Amino acid sequence: MAELKKTQNIEATRELLKASLEKSKQVGSQIDETGSRLKEINQRLLPLEAEVRQVLIHKTTYARVRNQVDCVIGPTAAVLRVYEAVSELEGTLVSSDPHTNLFAYLSVMRRLEEGLKFLSSHCGLAIQWLEDVVELLEGNAGFVNEKCLSNLKKSMRTLEQLHEIEGCFRLDGGLLPDALDKLEKEFRRLLLLTDNTDQVPMEPPLMLPVSVIQKLQAIIKRLKANDRFERCVSMFVEIRVSIARRRLQALGLDYLEMKVADIDDMQNENYIQQWSKHLELAVKEIFEHEYKLSKEVFEKMGSDVWMPCFVRISVESGILSFIRFGNEVANMKKDPIKLLKLLDIFKVLNNLRLEFNRLFGGAACLEIQNPTRDLIKKVVEDACDIFSELPIQVGSQRRFSPPQDGSVPRLVRFITEYCNQLLGEDYKPALTEVLTINRRWKREIFQEGLLSVQFYNIMMETGLNLDSWSKAYLDTSLSYLFMMNNHCHFSNLRGTKLGDTMGNSWLASHDQYKDYYAALYLKESWGKTLLPLLSRKGLVSVSVSRRETSTDSDSDNKKRLKAFNEAFDESYEKQSKWVISDENLRQKVCRILVEQVVPTYRSYIQSYRALVEQDASAGKYVKHTEKSLESKLSSLFQPELTKYSNKHVRLVGKIKNVATNKFRLTLTAM
């Protein structure tokens, strides 16, 4: 059963295979027929393929040309539109004025600059693209007609002309330079708004309003954008220099050009005081104003811009002339007056130190800093040298002669007056500061006592001078009067700065010496020679009776009175040329003389009257009355200045020069 089923399956499979084989034969036959048809179709497609390929090539070329033309049309149209806008701005700019409406003018300028910048960057590029398109079309003449090609070439020439016009806008004489010139003119006008030529020199300069500062800053921005910033800075400096210089010249600064010899010869001129006042005014008012203005105008540009501007203004307007004048004074011959002048210079420089450091402390100010530091250094060093040499200079004056009238020497008056000046409020702080600075430079410490010691030394040398000079007098009485005068002069320093420095014991000792030499003078000049002639021992008694009086006694009394007259006249004539400088002391000495001489003379005359009554010829020996004698004695020792008041003005001016010249002679020889 199983075997039968297996046989049936095999038969069925064989039948299936036979059917499949027949079908395959039919398919093979159909394939052979299809291959023949394909070969026929292939032969037909070959020409068509060549034609299609040509079409595709032309289509690609056309697309490329169209794309390139499209790319050129857009920029070219934009260039033309911008040019039209620039033309409109040109008309607006030509018809407007920055003085009328600055910010509107600047807005038009900015838009014009942007338009020109666009034309500059795009016009050339559009021309290059058009050239490429024309070249492409000329190489593919089948895609464009001659009219189209001609229009493209015409457009290209138009763009080339626009490009040339844009360049002309920026050339000298073009629209943009003219507009910038107008801005510079407006910039100058705004800077001159506060330049009032009629303004009083001492008045502070007027600051520019904020609105004007903003306009100046806006103009600077536009000028800087057009490569005119350096011209703008130069114009600013030029204008401000002219204004600052004119204000300085209005102060009368011709003396700043003086040389050492000129300054040295004009001792009575107050040039240092003028210099101090003018420098302070220049720094605090004029240069302070220029500093603020430079900073405000160029603030947005930074300190690297405005600080050099300010320095140029300061230098070119004349600040260094003040420093040069200070150096001329510092180069003068050494003398005590020069010390005062140096201290005057130091005071004003020291008082202006904060202002100087703020205004001229930057790195850009070396042109001002260096000569100023050199001046301060020379002032400090020379002032210290002169002050340290003062005792030596005073001591060197001993070789000179004392005054013939026994008065206080002008040199002594000068020394005490000079020391009082140095110790006064005007000079002592400056002198102390100068000495302190000099010690600091030497790495030493300044002590207040050093100042007092130096003045002690000066006065000690002055005292030694007086001792030496007193010995030069041949008349001992005059020597005593000379010493009395000078000790009185020193004792009168009580209440002065020098007196306070020397102390009460020093002043009291001079009081004692004054009285001591006054007593010696009275004794030597009147007590020894004149008064003994009228003493009771020298007087011969005269009795009422002529018979009781001898002829010899009468003659002796006449001779004695005659001798007194001669001695008094001689002393009066001689001592009327002597001077007691202090009026109180003069009156005191005269009063003592009257008290000593007149009563003695009165007593003698009363005794002598008996002789006159008996002998009329004896009356001719009574030359002086009590009143005339008192009048003459009271008029002694008056200074010549009080006798001849019309000479007072001329002589006072010479006193200081005499003392100063003596010092100079010494210093020249040292």
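Please read these numbers as outputs of a predicted model, since none were measured by experiment.
- L435 is not listed as a side-chain neighbour of L450, based on a closest heavy-atom distance of 4.5 Å or more.
- Taking 4.0 Å as the cut-off between side-chain N and carboxylate O, D335 and K338 do not count as a salt-bridged pair.
- Closest non-hydrogen pair, L106 versus I219, comes out as CD1-N, 4.4 Å.
- Remark: the backbone N or O of R228 is not paired with any side-chain donor or acceptor of N226 at under 3.5 angstrom.
- Closest approach of L342 and A383 over heavy atoms only: CD1-N, 3.6 Å.
- Minimum heavy-atom separation, F287 to F310: O-CE1, 3.2 Å.
- Taking each heavy atom of F322 and W275 in turn, the nearest pair found is O-NE1, 2.9 Å.
- Side chains of L349 and R353 form no contact here, defined as non-hydrogen atoms less than 4.5 Å apart.
- One distance of note links CD of E433 with CG of N350; it measures 5.5 Å at 0.5 Å rounding.
- In this structure, K215 does not pair ionically with E186, as no charged nitrogen and carboxylate oxygen lie closer than 4.0 Å.
- With hydrogens and angles disregarded, no donor-acceptor distance shorter than 3.5 Å links the side chain of Y427 to the backbone of L343.
- Counting only heavy atoms from C-beta outward, the side chains of M258 and E328 never approach each other to under 4.5 Å.
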Inset, instruction - Could you check E389 against K334 for side chain to side chain contact (heavy atoms under 4.5 Å, CB included), going step by step and ending with a plain yes or no? - result: CA-CA 10 Å; E389 294 170 1; K334 286 185 177 181; 3.9 Å; yes

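- Rounding to the nearest 0.5 angstrom, the gap separating the CD1 atom in I243 from the CG atom in L191 is 7.0 Å.
- For the atom pair CD1 (I213) and CG (L190), the distance works out to 9.5 Å, reported to the nearest 0.5 Å.
- In this structure, SG in C232 is found 11.0 Å from CG in L180, a value given to the nearest 0.5 Å.
- Side chains of Y105 and D97 form no contact here, defined as non-hydrogen atoms less than 4.5 Å apart.
- Side-chain contact between K428 and L431 is absent, with no heavy atoms from C-beta onward closer than 4.5 Å.
- Annotation: ring pair (Phe, Tyr, Trp, His ring centres under 6.0 Å) contacts of F356 (sequence neighbours excluded): F360.
- Of all heavy-atom pairs spanning F103 and A218, the tightest one is CE2-CB, 3.9 Å.
- For Q454 (side chain) and F387 (main-chain N/O), a donor-acceptor pair under 3.5 Å exists by modelled atom type.
- One distance of note links OG1 of T372 with CD of E367; it measures 11.0 Å at 0.5 Å rounding.
- Looking at L390 and L422, their side chains come closer than 4.5 Å, going by heavy atoms from C-beta outward.
- With respect to the salt-bridge test (charged N to carboxylate O, under 4.0 angstrom), the residues E425 and K497 qualify.
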For residues 374-381, run the donor-acceptor check on the side chains, cut-off 3.5 Å, and write out each pair with its distance to 0.1 Å, sequence neighbours left out.
{"residue": "K377", "atom": "NZ", "partner": "E381", "partner atom": "OE2", "Å": "2.8"}
{"residue": "K378", "atom": "NZ", "partner": "D382", "partner atom": "OD2", "Å": "3.4"}

Inset, instruction - Verify side chain to side chain contact (heavy atoms under 4.5 Å, CB included) between R358 and L354, making sure each step is shown before the conclusion. - result: CA-CA 6 Å; R358 180 172 55 82; L354 294 179; over 6 Å; no

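- Contact of the I386 side chain with the P336 side chain is not registered, since no non-hydrogen atoms from C-beta on lie closer than 4.5 Å.
- Applying the side-chain hydrogen bond (donor to acceptor under 3.5 Å, both in side chains) test to pairs two or more places apart or on separate chains, those with a residue in residues 229-239 are E184-R231.
- Atom CD1 of I286 is separated from atom NE2 of H278 by 9.5 Å, given to the nearest 0.5 angstrom.
- Pairs of residues two or more places apart, or lying in two chains, that qualify as ring-ring contact (aromatic ring centres under 6.0 Å, His included) and include a residue from residues 207-241 are F236-F298.
- Of the possible polar contacts, one joining the K347 side chain to the D426 backbone as a donor-acceptor pair under 3.5 Å is found.
- In this structure, the side chain of R247 does not engage the main chain of A282 through any donor-acceptor pair within 3.5 Å.
- Sorted by first and then second residue, the side-chain hydrogen bond (donor to acceptor under 3.5 Å, both in side chains) pairs with a member in residues 311-322 form an empty list; sequence neighbours excluded.
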Legend entry - Residue pair C365, M307: steps toward the side chain to side chain contact (heavy atoms under 4.5 Å, CB included) verdict: CA-CA 8 Å; C365 302; M307 196 63 187; 3.4 Å; yes

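- Contact annotation: the side chain of L256 never approaches that of R324 to less than 4.5 Å [non-hydrogen atoms, C-beta and beyond].
- Proximity of a side-chain donor or acceptor of Q369 to a complementary backbone N or O of G362 within less than 3.5 Å is detected.
- Contact detail for I313 and V241: the closest heavy-atom pair is CA-CG2, 3.6 Å.
- Residue pairs meeting the side-chain hydrogen bond (donor to acceptor under 3.5 Å, both in side chains) criterion with at least one partner in residues 295-305, sequence neighbours excluded, are absent.
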Inset, instruction - Quick one: do F325 and E257 satisfy side chain to side chain contact (heavy atoms under 4.5 Å, CB included)? Show the steps, please. - result: CA-CA 7 Å; F325 180 82; E257 304 303 322; over 6 Å; no

